[in-house]
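A short worksheet on the structure shown next.
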Amino acid sequence: MREHPPVRATLLLVVIALLLLISGAAQAQEPARPGEPTTHYYGAAGSRIEVAWKLDRTTVLEDGEILATLVITGATNPPQVIRPPLSQLPEFQDRFVITDGVALAPAADSRTVSFPYRLRPRNRSVDRVPTLEFRFYNAGGPLGSQYPTARARYVPITVTTAPPKLAPPPVPLGEPEHLFRIATGLTLLQRANTGPVRTAWVLLGVIIPLLAVLWYATWRQVYPGAHRLARIRRSRAARRAVDLLNRAPRSPDPPAATTAAVLGYLQARFALQPGIVTPTEVAQALRDLEVQNTVCEAVAEVLQRCDAARFAPSGESMVAPVAAAEALIAQLEDA
């Protein structure tokens with residue numbers, strides 16, 4: 001019995017496809033290069049690579065931030081270069097609170113890669129952005145020396161004390177002069193006829209609390225259980241912030257999630273710039289928008305509590321910072 005020609009062609013195509021899949025899988029599993037280092041190697045390749053720090057400032061306030069950009073030039077494979085994890089390097093982690101910035105994808109013909117970081121000094125003793133070792137692969141190097149080390153040299157910085165807050169100017173008294181006179185004489189002992197006035201005050205003292213109780217009972221009946229968050233839920237930004245705060249204790253980094261929820265709400269509510277993240281910068285930006293000073297100080301206090309919780313010993317509760325953030329959002333929505 002002869003096999004139909006189309007069947008043979010189909011079987012041949014299946015066999016060819018299987019062979020191509022096996023060949024592609026074998027090529028994808030490229031073996032590790034011999035002698036590949038386990039530390040300070042971030043996937044860069046090239047014959048001559050240079051790295052350097054580029055800072056937007058070298059003098060920063062005690063609670064301010066420095067925008068530090070690591071510039072890598074000479075790499076032949078920019079898309080494959082990995083961002084160095086500064087938060088895992090003790091020489092950086094001991095000096096700064098580190099936030100990774102958004103890195104732009106390099107152009108197709110570019111041999112330069114840039115990784116921005118936001119560095120907040122932990123105290124005034126920090127005096128430098130440390131040297132970063134950067135090992136790379138040089139295929140043309142001599143055997144055993146194919147992983148030379150480039151270094152981004154340290155940059156000295158100065159951390160200054162935040163300027164003291166100026167005392168508010170005295171408020172002049174504009175009341176009539178007779179209110180400041182001290183009354184003397186026998187007229188002080190005379191009793192005026194205050195019967196009708198006293199009766200009116202008694203009635204007011206009874207009627208006003210009664211009206212308040214009736215209003216509160218009606219409110220609880222119409223809106224059961226919503227007396228605390230009713231005004232917060234009017235705003236989409238507030239609803240999103242409250243939802244993020246409810247999920248913050250279950251996130252991998254609860255303090256950072258709480259800070260992100262508060263900053264996201266403030267940016268949506270007051271149109272703050274995305275680069276304004278520190279407590280001092282946020283408070284000053286709100287003052288520039290003519291927000292009440294008490295509100296600005298409350299915002300700064302909540303963000304500072306989140307920063308303190310972020311570096312507190314592990315196991316400490318995040319209930320207080322989350323509750324403070326919810327109370328702050330409720331205060332802003334009520335304003």
Side-chain angles (χ1 to χ4, degrees), residues 61-65 97-102 118 120 122 162 165 168 212-213 215-335:
L61 295 177
E62 191 168 359
D63 58 351
E65 286 186 340
V97 178
I98 303 168
T99 304
D100 291 347
V102 178
R118 289 191 173 275
R120 185 190 307 174
R122 294 186 181 274
K165 297 181 179 179
V213 171
W215 177 88
Y216 180 74
T218 304
W219 169 264
R220 290 300 301 271
Q221 185 176 1
V222 176
Y223 303 102
H227 60 285
R228 179 170 170 265
L229 297 176
R231 292 185 179 180
I232 294 180
R233 300 189 185 277
R234 295 180 309 175
S235 153
R236 180 181 299 178
R239 288 198 301 270
R240 175 174 173 79
V242 170
D243 181 61
L244 292 176
L245 290 173
N246 290 334
R247 291 184 291 173
R250 300 188 298 273
S251 66
D253 191 350
T258 303
T259 300
V262 174
L263 290 176
Y265 169 75
L266 294 174
Q267 290 169 359
R269 174 70 185 273
F270 299 101
L272 298 182
Q273 296 296 326
I276 300 176
V277 295
T278 67
T280 300
E281 291 175 343
V282 172
Q284 185 58 48
L286 293 177
R287 291 190 185 96
D288 294 341
L289 296 174
E290 299 182 354
V291 178
Q292 293 182 0
N293 191 54
T294 55
V295 175
C296 298
E297 293 178 352
V299 171
E301 181 181 358
V302 169
L303 294 177
Q304 290 169 355
R305 292 181 68 177
C306 292
D307 286 348
R310 187 177 183 183
F311 303 104
S314 60
E316 290 198 7
S317 175
M318 269 298 298
V319 173
V322 171
E326 289 183 351
L328 171 65
I329 295 175
Q331 177 185 357
L332 292 175
E333 285 297 298
D334 290 339

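Everything numeric in this text was worked out from a predicted model, so none of it was measured.
- P255 approaches C306 most closely through the heavy-atom pair CB-O, 3.5 Å.
- Between the CG atom in L332 and the OH atom in Y265 there is a gap of 5.0 Å [rounded to 0.5 Å].
- How far CG of L328 is from CG of L266: 6.5 Å, rounded to the nearest 0.5 Å.
- Partners of R247 under the salt bridge (Lys or Arg N to Asp or Glu O under 4.0 Å) rule, at least two apart in sequence or in another chain, are D243.
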Below 3.5 Å, can you tabulate the donor-acceptor pairs from side chains in residues 281-290 to any protein atom, sequence neighbours excluded?
unit_1	atom_1	unit_2	atom_2	d
E281	OE1	T278	OG1	3.2
Q284	NE2	D288	OD1	3.1
R287	NE	N293	OD1	2.8
R287	NH2	N293	OD1	3.4

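- The heavy-atom pair separating P249 from P254 by the smallest distance is O-CG, 4.0 Å.
- By the side-chain contact (heavy atoms from CB on, under 4.5 Å) test, A325 is found to be paired with L245, T258, V262, V302, residues two or more places apart in sequence or in another chain being considered.
- A heavy-atom distance below 4.5 Å is found between the side chains of N246 and E326.
- In this structure, the side chain of R240 does not engage the main chain of G264 through any donor-acceptor pair within 3.5 Å.
- Contacts classified as salt bridge (Lys or Arg N to Asp or Glu O under 4.0 Å) and involving residues 293-307 (residues at least two apart or in different chains) are given here: R120-D307.
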